[in-house]
Amino acid sequence: EAEDKRMAAKIKISRPYPDDNRKFMRVWGWIPMQSDAYKREKVVDVIYQHLTTQYTLHDWREMNSARDKVTPNENNAQSFLRSLLNAEESSNIGK
């Protein structure tokens with residue numbers, strides 16, 4: 001957020017990386033809740049629809065959303081972040 005109150009979405013995409021003879025990519029980011037230029041839910045839905053129709057989607061984590069595969073509709077930021085950390089720790093066990 002700048003002095004003139006402009007905000008921008010931040011979407012990141014990893015390079016493809018191998019895991020058990022398969023290739024994975026991670027997509028993560030943040031989209032502001034309100035904007036005069038777009039509706040956040042529409043942007044997230046377009047990204048989700050594209051990924052689910054074009055790729056094999058293994059996980060989807062999204063705070064306060066029914067689409068979240070681990071903690072649907074979790075609106076407490078601390079609980080959501082804790083669930084992200086636990087999922088990451090579990091996926092790295094034995095590697």
Side-chain angles (χ1 to χ4, degrees):
E1 190 169 331
E3 288 180 27
D4 60 358
K5 304 293 183 195
R6 291 183 294 166
M7 288 190 270
K10 289 130 180 97
I11 305 295
K12 305 289 185 181
I13 302 172
S14 74
R15 297 184 317 182
Y17 63 92
D19 187 20
D20 295 331
N21 296 322
R22 298 179 295 175
K23 290 193 178 184
F24 286 88
M25 289 177 63
R26 291 184 182 218
V27 179
W28 69 98
W30 176 81
I31 300 171
M33 289 300 287
Q34 296 186 20
S35 170
D36 294 335
Y38 61 85
K39 301 289 183 211
R40 179 189 185 279
E41 184 59 31
K42 185 175 181 181
V43 172
V44 174
D45 194 51
V46 167
I47 293 169
Y48 182 80
Q49 293 302 321
H50 176 76
L51 292 174
T52 57
T53 59
Q54 300 297 317
Y55 302 96
T56 302
L57 192 62
H58 295 278
D59 282 316
W60 182 267
R61 300 304 316 271
E62 180 181 350
M63 187 172 149
N64 201 21
S65 171
R67 289 184 287 242
D68 189 280
K69 302 297 185 200
V70 177
T71 57
N73 302 312
E74 175 61 68
N75 62 3
N76 179 286
Q78 188 174 20
S79 296
F80 180 73
L81 290 173
R82 188 174 291 116
S83 76
L84 287 176
L85 291 171
N86 287 339
E88 186 65 28
E89 289 172 3
S90 297
S91 68
N92 288 326
I93 293 175
K95 289 188 178 183

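Treat the numbers as computed from the prediction; the structure is a model and nothing was measured.
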Legend entry - Straight-line distance of Gln78 CD to Ser83 OG, nearest 0.5 Å: 11.5 Å

Legend entry - Heavy-atom closest pair, residues Glu74 and Asn76: OE2-N, 2.9 Å

Inset, instruction - Would you mind reporting whether Arg61 and Val70 have side-chain heavy atoms less than 4.5 Å apart? - result: yes

Inset, instruction - Any pair with a residue in residues 44-58 that passes salt bridge (charged side-chain N to carboxylate O under 4.0 Å, His left out), sequence neighbours left out, goes on the list, sorted by first then second residue, please. - result: Asp45-Arg67

Inset, instruction - Spell out, yes or no, whether Trp28 and Ile47 are grouped together once hydrophobic residues are joined by side-chain heavy atoms under 4.5 Å, including indirect joins. - result: no

Legend entry - Members besides Tyr17 in its Ile/Leu/Val/Met/Phe/Trp/Tyr cluster (side-chain heavy atoms under 4.5 Å): Phe24

Legend entry - Close side-chain approach of Ile11 and Ile31, heavy atoms under 4.5 Å: yes

Legend entry - Point-to-point distance, once rounded to the nearest 0.5 Å, from CZ of Arg40 to CH2 of Trp30: 9.0 Å

Inset, instruction - Measure from the side-chain N and O atoms of Asn73 to the backbone N and O of Asn64, and report whether any donor-acceptor pair falls under 3.5 Å. - result: no

Legend entry - hydrophobic_cluster_shared for Tyr55 and Val46, side chain cutoff 4.5 Å: no

Inset, instruction - Starting at OG1 of Thr56, measure out to CG of Leu51 and round the result to the nearest 0.5 Å. - result: 11.0 Å

Inset, instruction - Please assess Lys12 against Val27 for the test side-chain contact (heavy atoms from CB on, under 4.5 Å), listing each intermediate value before the final yes or no. - result: CA-CA 6 Å; Lys12 305 289 185 181; Val27 179; over 6 Å; no

Legend entry - Gap between atom NE2 of His58 and atom CZ of Arg26 - 0.5 Å precision: 11.0 Å

Legend entry - Separation between CD of Glu62 and CZ of Phe80, rounded to the nearest 0.5 Å: 8.0 Å

Legend entry - Flag side-chain contact, heavy atom, 4.5 Å: Val43 against Lys39: no

